[in-house]
Amino acid sequence: MRKWKRVESADGPRFRSALDAHEAELLSSLVTSLVGMLEDRQSSAPVDELAEMTGIRTGNSVPPQDDTMKRLLPDFYRPATEHPAGSGPAESLNSALRGLHEPAIIDAKNQAAQRLLDTVPRGGGKFELTEDDAHSWASAVNDVRLALGTMLDVGADIPERLPPDHPMAGHLDVYQWLTFLQEYLVLSLMGGSR
C-alpha cells in the first residue's frame, strides 16, 4: 500500500492511494466478513409488535455474547461506581438504549463498509476517494481493526512481531497493516499530504 495523498480540487479534497491486488482482495474479504457479522446481529433482533405498528425500528435489547461483537457494539452506559442496588439500573438503561439505537449504529457501520467495498480497486491499483468516501474507509477499517484486535486480544503491550510459527502471526501482520492504512488516511483527512 502506498501512503495517502491529499489533492485539493474544485469539488473538494480527493484522497489518492494504491493497493496491490492481494491487499485489495484481503481488505474486501475482511470488510465482507464484518458485514456478515453485523447482518447476523441485526437479523437476531426480536420482532417488536409496536415497532411494526409505528415504523420505529428496534434492535436487540441484550448485549452480544460474542466478544468481537461486544467490542463493535459496546454498552452505552458504564457506571463510574458500583450502584447500591446492584447492576440492575445500568443493565436496564443499556437494554433500553441498545434497543433504540443499535439498528441505526449497525446501518451506519454497514453503509461505511459498503462504500469501501464499492470503491476498493478490484484487482488492486491506483484509486481516488472523495472526502465522504475517505470517511467511510476510515470508519470501516476501524471496525475491522476493532474486530481483529479483539480476536488477537490486543492490549497496550502488543508485540511488534510474533514468532513465524505462532498461529496468529499473520493476523497480527494484517492488524498492523490496517493500522498503517487507517493512520495515514486519518492524517490526510486532517489536512496533510502523507
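From a predicted model like this one, the values you see are computed outputs, not experimental measurements.
More than 12 heavy atoms of other shown residues, nucleotides or ligands fall within 6.0 angstrom of atom NE2 in His135.
Taking all atoms of both residues into account, the shortest heavy-atom contact from Ala134 to Phe15 is CB-CD1, 3.7 Å. Across all non-hydrogen atoms, the minimal contact from Lys70 to Gln65 is CE-O, 3.6 Å.
Not counting sequence neighbours, Ser61 has no partner by the side-chain hydrogen bond (donor to acceptor under 3.5 Å, both in side chains) test. Qualifying side chain to side chain contact (heavy atoms under 4.5 Å, CB included) partners for Ser9, counting only residues two or more places apart in sequence or in other chains: Asp11, Arg14. In this view, Asp75 and Arg98 satisfy the salt bridge (charged side-chain N to carboxylate O under 4.0 Å, His left out) rule, not counting sequence neighbours. Residues that satisfy the side chain to side chain contact (heavy atoms under 4.5 Å, CB included) test with Gln114, not counting sequence neighbours, are Leu117, Asp118. Partners of Val62 under the side chain to side chain contact (heavy atoms under 4.5 Å, CB included) rule, at least two apart in sequence or in another chain, do not exist in this structure. Every residue two or more places apart in sequence or in another chain that forms a side chain to side chain contact (heavy atoms under 4.5 Å, CB included) with Pro121 is listed here: Leu19, Phe127. Take Ser33 and apply the side-chain hydrogen bond (donor to acceptor under 3.5 Å, both in side chains) test, not counting sequence neighbours, and it matches no residue. Applying the salt bridge (charged side-chain N to carboxylate O under 4.0 Å, His left out) criterion to Arg16, with sequence neighbours excluded, gives Glu128. Legend: residues meeting side-chain hydrogen bond (donor to acceptor under 3.5 Å, both in side chains) with Arg145, ordered by chain and number and at least two apart, are Tyr175, Thr179, Gln182.
Arg115 places none of its side-chain heavy atoms less than 4.5 Å from the side chain of Trp137. Counting heavy atoms from C-beta outward, Ser139 and Gln111 have side chains that stay 4.5 Å or more apart. Within the 4.5 Å cutoff, the side chain of Val31 has no heavy atoms near those of the Val120 side chain. Contact check for Leu27 versus Val141: side-chain heavy atoms found under the 4.5 Å cut-off. Using a 4.5 Å cut-off on side-chain heavy atoms (C-beta onward), Trp4 and Leu187 make no contact.
Residue pairs meeting the ring pair (Phe, Tyr, Trp, His ring centres under 6.0 Å) criterion with at least one member in residues 24-64: none, sequence neighbours excluded. Residue pairs meeting the salt bridge (charged side-chain N to carboxylate O under 4.0 Å, His left out) criterion with at least one member in residues 175-190: none, sequence neighbours excluded. Applying the salt bridge (charged side-chain N to carboxylate O under 4.0 Å, His left out) test to pairs two or more places apart or on separate chains, none has a residue in residues 20-33.
A chain of hydrophobic side-chain contacts below 4.5 Å, direct or via other Ile, Leu, Val, Met, Phe, Trp or Tyr residues, connects Leu93 to Phe76. A chain of hydrophobic side-chain contacts below 4.5 Å, direct or via other Ile, Leu, Val, Met, Phe, Trp or Tyr residues, connects Leu26 to Phe180. Met151 and Leu146 fall into different hydrophobic clusters, defined by Ile, Leu, Val, Met, Phe, Trp and Tyr side-chain heavy atoms under 4.5 Å apart, directly or through other members.
Remark: the backbone N or O of Leu189 is paired with a side-chain donor or acceptor of Arg6 at under 3.5 angstrom.
Taking CG from Asn60 and CD from Glu102, the interatomic distance works out to 5.0 Å, rounded to the nearest 0.5 Å. To the nearest 0.5 angstrom, Thr68 atom OG1 is 12.0 Å from Asp143 atom CG. Taking OG of Ser17 as the reference point, atom NZ of Lys3 lies at 11.0 Å (rounded to 0.5 Å). Atom CG in Leu181 sits 11.5 Å away from atom CG in Asn142 (nearest 0.5 Å).
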Original post:
Please walk me through it: do Met69 and Leu72 pass side-chain contact (heavy atoms from CB on, under 4.5 Å)?
Top reply: CA-CA 5 Å; Met69 288 306 296; Leu72 290 170; 4.0 Å; yes
